[in-house]
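Everything below concerns the one structure shown next.
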2 protein chains.
Amino acid sequence: MLLSKSCVYGLRASLFLASNQNSEYVSIKELSKQLDISFHFLTKILQQLTAVDLLKSLKGPNGGVRLSKPGDEITLLDVVVAIDGDDLFQECVLGLPGCGREKPCPLHNIWAATRGDIREMLETNNLLDMAKKGKEGNLRITAKGDFEWV
Amino acid sequence: MLLSKSCVYGLRASLFLASNQNSEYVSIKELSKQLDISFHFLTKILQQLTAVDLLKSLKGPNGGVRLSKPGDEITLLDVVVAIDGDDLFQECVLGLPGCGREKPCPLHNIWAATRGDIREMLETNNLLDMAKKGKEGNLRITAKGDFEWV
DNA sequence: AATATTTAAGACAAGTATGTCTTAAATATA
DNA sequence: TATATTTAAGACATACTTGTCTTAAATATT
Ligand code: FES
Ligand code: FES
């Protein structure tokens with residue numbers, strides 16, 4: 001699996017928030033209901049995004065979470081790294097320590113190129129573009145596809 | 001993590017076997033010692049490769065495992081799919097069911113391209129080429145790098 | 001000030017991947 | 001045939017990820 005489940009949940013929630021033009025706070029309860037993700041689990045994941053200032057959170061009535069900056073200033077890579085870390089882009093594909101330093105593994109060259117492709121894909125696409133794409137194409141970020149873009 | 005630990009162990013063992021020109025049986029004990037991988041765990045992983053006829057195994061004294069065909073006829077993808085399955089190349093990157101059918105997710109297009117890159121990298125490289133590369137460049141398939149190509 | 005709402009934090013449970021150990025089956029050699 | 005060696009198979013243990021639940025802290029509203 002390329003991305004952990006936590007990471008996928010974080011991405012889906014971030015896309016939801018990015019579709020919210022005016023950046024109002026959205027409660028995690030609402031997010032978890034719309035996206036069909038366990039409330040408490042989603043809460044913990046979003047806390048990670050809040051911790052690295054990708055999200056802002058507000059407690060109390062009418063509270064919730066929102067993007068900390070415009071959706072076109074947050075790349076998919078930002079979210080992925082915040083949750084899964086950058087091991088995918090740093091570590092040897094064969095799990096050997098010190099990827100690329102001194103003796104690399106036989107797969108190093110081909111893997112370095114490919115992980116560059118993955119990184120570029122995540123880095124050149126931002127939350128707003130993806131949310132727009134989802135809205136315009138009536139695409140889905142839930143299993144049932146019953147999610148309504150706002 | 002792109003590949004599971006089982007998959008990585010299977011790949012490293014396969015590269016070792018591919019470096020064995022004459023395709024003699026190598027005992028799993030020897031493999032596990034050379035590659036510094038738990039013997040019993042490696043045994044189970046190699047059983048998976050034997051089950052799909054990538055390896056042949058022989059019990060008893062002088063027994064062990066060997067590639068079932070020349071190393072240039074087994075791609076990295078063959079080994080990866082045998083152990084990790086082809087979920088990586090089939091499933092939605094956001095974990096939604098039925099990737100690409102009817103309503104795709106907003107990341108589908110960019111992900112389809114990238115997973116094609118990954119697949120191509122694994123498909124266009126075979127065990128023999130990688131083993132040759134390892135031998136000629138004195139590269140490593142163990143953590144310490146103390147492995148000696150034969 | 002009191003109350004309801006919402007995120008924060010952490011304990012705990014369940015599930016999956018990884019790793020260890022024991023016994024069975026097959027095979028070469030004496 | 002008897003023995004040693006080696007893979008096969010499966011039980012069991014450990015670690016990590018995922019998911020649930022409870023309590024605390026903050027905040028808007030009355
Ligand atoms: S050393 Fe293995 S991928 Fe870099
Ligand atoms: S539908 Fe999400 S990657 Fe294909």
Side-chain angles (χ1 to χ4, degrees), chain A residues 1-14 17 24-68 80 83-85 87-88 91 94-95 143, chain B residues 1-13 17 24-68 80 82-85 87-88 91 94-95 143:
Chain A
M1 189 171 18
L2 186 79
L3 306 175
S4 71
K5 240 170 165 182
S6 294
C7 186
V8 163
Y9 290 167
L11 274 173
R12 287 170 56 202
S14 298
L17 293 173
E24 286 166 343
Y25 283 97
V26 178
S27 77
I28 301 177
K29 185 155 76 173
E30 176 71 11
L31 276 170
S32 74
K33 197 176 298 174
Q34 292 279 345
L35 300 174
D36 195 31
I37 300 172
S38 148
F39 168 73
H40 291 288
F41 194 34
L42 184 58
T43 297
K44 276 202 279 199
I45 294 162
L46 297 186
Q47 277 173 26
Q48 297 180 65
L49 297 181
T50 305
V52 297
D53 289 320
L54 288 177
L55 300 185
K56 281 194 193 312
S57 72
L58 181 66
K59 292 177 182 173
N62 306 318
V65 294
R66 67 175 180 84
L67 299 184
S68 64
V80 168
I83 296 175
D84 279 350
D87 285 2
L88 182 63
E91 292 192 347
L94 292 186
Chain B
M1 191 171 16
L2 186 80
L3 306 175
S4 71
K5 242 171 165 182
S6 295
C7 187
V8 163
Y9 290 167
L11 273 173
R12 287 170 55 203
L17 293 173
E24 286 167 342
Y25 283 97
V26 179
S27 77
I28 301 178
K29 185 156 76 174
E30 177 70 12
L31 276 170
S32 74
K33 197 176 298 174
Q34 291 281 344
L35 300 174
D36 195 30
I37 300 173
S38 148
F39 167 72
H40 291 287
F41 194 35
L42 183 58
T43 297
K44 276 201 280 197
I45 294 163
L46 297 186
Q47 278 172 25
Q48 297 180 65
L49 297 181
T50 305
V52 297
D53 290 319
L54 288 176
L55 300 186
K56 280 194 192 311
S57 72
L58 181 66
K59 291 177 181 174
N62 307 317
V65 293
R66 67 175 180 84
L67 299 185
S68 64
V80 168
I83 297 175
D84 278 352
D87 284 3
L88 183 62
E91 291 192 347
L94 292 186

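Remember, it's a predicted structure, so these values are computed and weren't measured experimentally.
Of the two residues near DNA chain C, H40(A) and G63(A), the one whose nearest nucleotide lies more 5' is G63(A). For G64(A) and M1(B), each mapped to the nucleotide of DNA chain C holding its nearest heavy atom, the one lying further toward the 5' end belongs to G64(A).
Picking from dG19(D), dT20(C), dT7(C) the nucleotide with the shortest atom distance to the side chain of S38(B) gives dT20(C). Of the candidates dC21(D), dG19(C), dT5(D), dT5(D) carries the atom nearest the P61(B) side chain, counting heavy atoms from C-beta on.
In this structure, K29(A) places its NZ atom 16 Å from C1' of dC21(D), rounding to the nearest Å. When the P atom of dA25(C) is taken as reference, atom NZ of K59(B) falls 9 Å away, rounded to whole Å. Atom P of nucleotide dT20(C) and atom OH of Y9(B) are separated by 9 Å, given to the nearest angstrom. For the pair I28(B) CD1 and dT20(C) C1', the interatomic distance rounds to 16 Å; values are reported in whole Å. Taking atom NZ on K56(B) and atom C1' on dA26(C), their separation rounds to 17 Å, with Å as the unit. Atom CG in L58(A) sits about 18 Å away from atom P in dA25(D), given to the nearest Å. We find that CZ of F39(A) is positioned 12 Å from C1' of dT22(D), with the value rounded to whole Å. Atom CD in Q48(B) sits roughly 10 Å away from atom P in dT18(C) (whole-Å rounding).
Residue D87(B) places its CG atom among more than 12 non-hydrogen atoms of other residues, nucleotides or ligands, all under 6.0 Å distant.
For S57(B), no side-chain nitrogen or oxygen approaches OP1 or OP2 of dT7(D) to under 4.0 Å. Phosphate contact (OP1/OP2 of dT27(D), side-chain N/O of N62(A), threshold under 4.0 Å): absent.
S38(B) and S32(B) get closest at one heavy-atom pair: C-CB, 4.4 Å. What you find for N62(B) and Y25(B) is that their closest heavy atoms are O-CB, 4.0 Å.
With hydrogens and angles disregarded, no donor-acceptor distance shorter than 3.5 Å links the side chain of S4(B) to the backbone of D84(B).
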Please step through side chain to side chain contact (heavy atoms under 4.5 Å, CB included) for the pair L31(A) and V65(A), ending with a clear verdict. CA-CA 9 Å; L31(A) 276 170; V65(A) 294; 3.8 Å; yes
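Residue contacts shown for L46(A) are absent, as no nucleic acid heavy atom lies under 4.0 Å away.
One donor-acceptor pair, N or O on each side, does fall under 3.5 Å between the base of dT20(D) and the side chain of K44(A).
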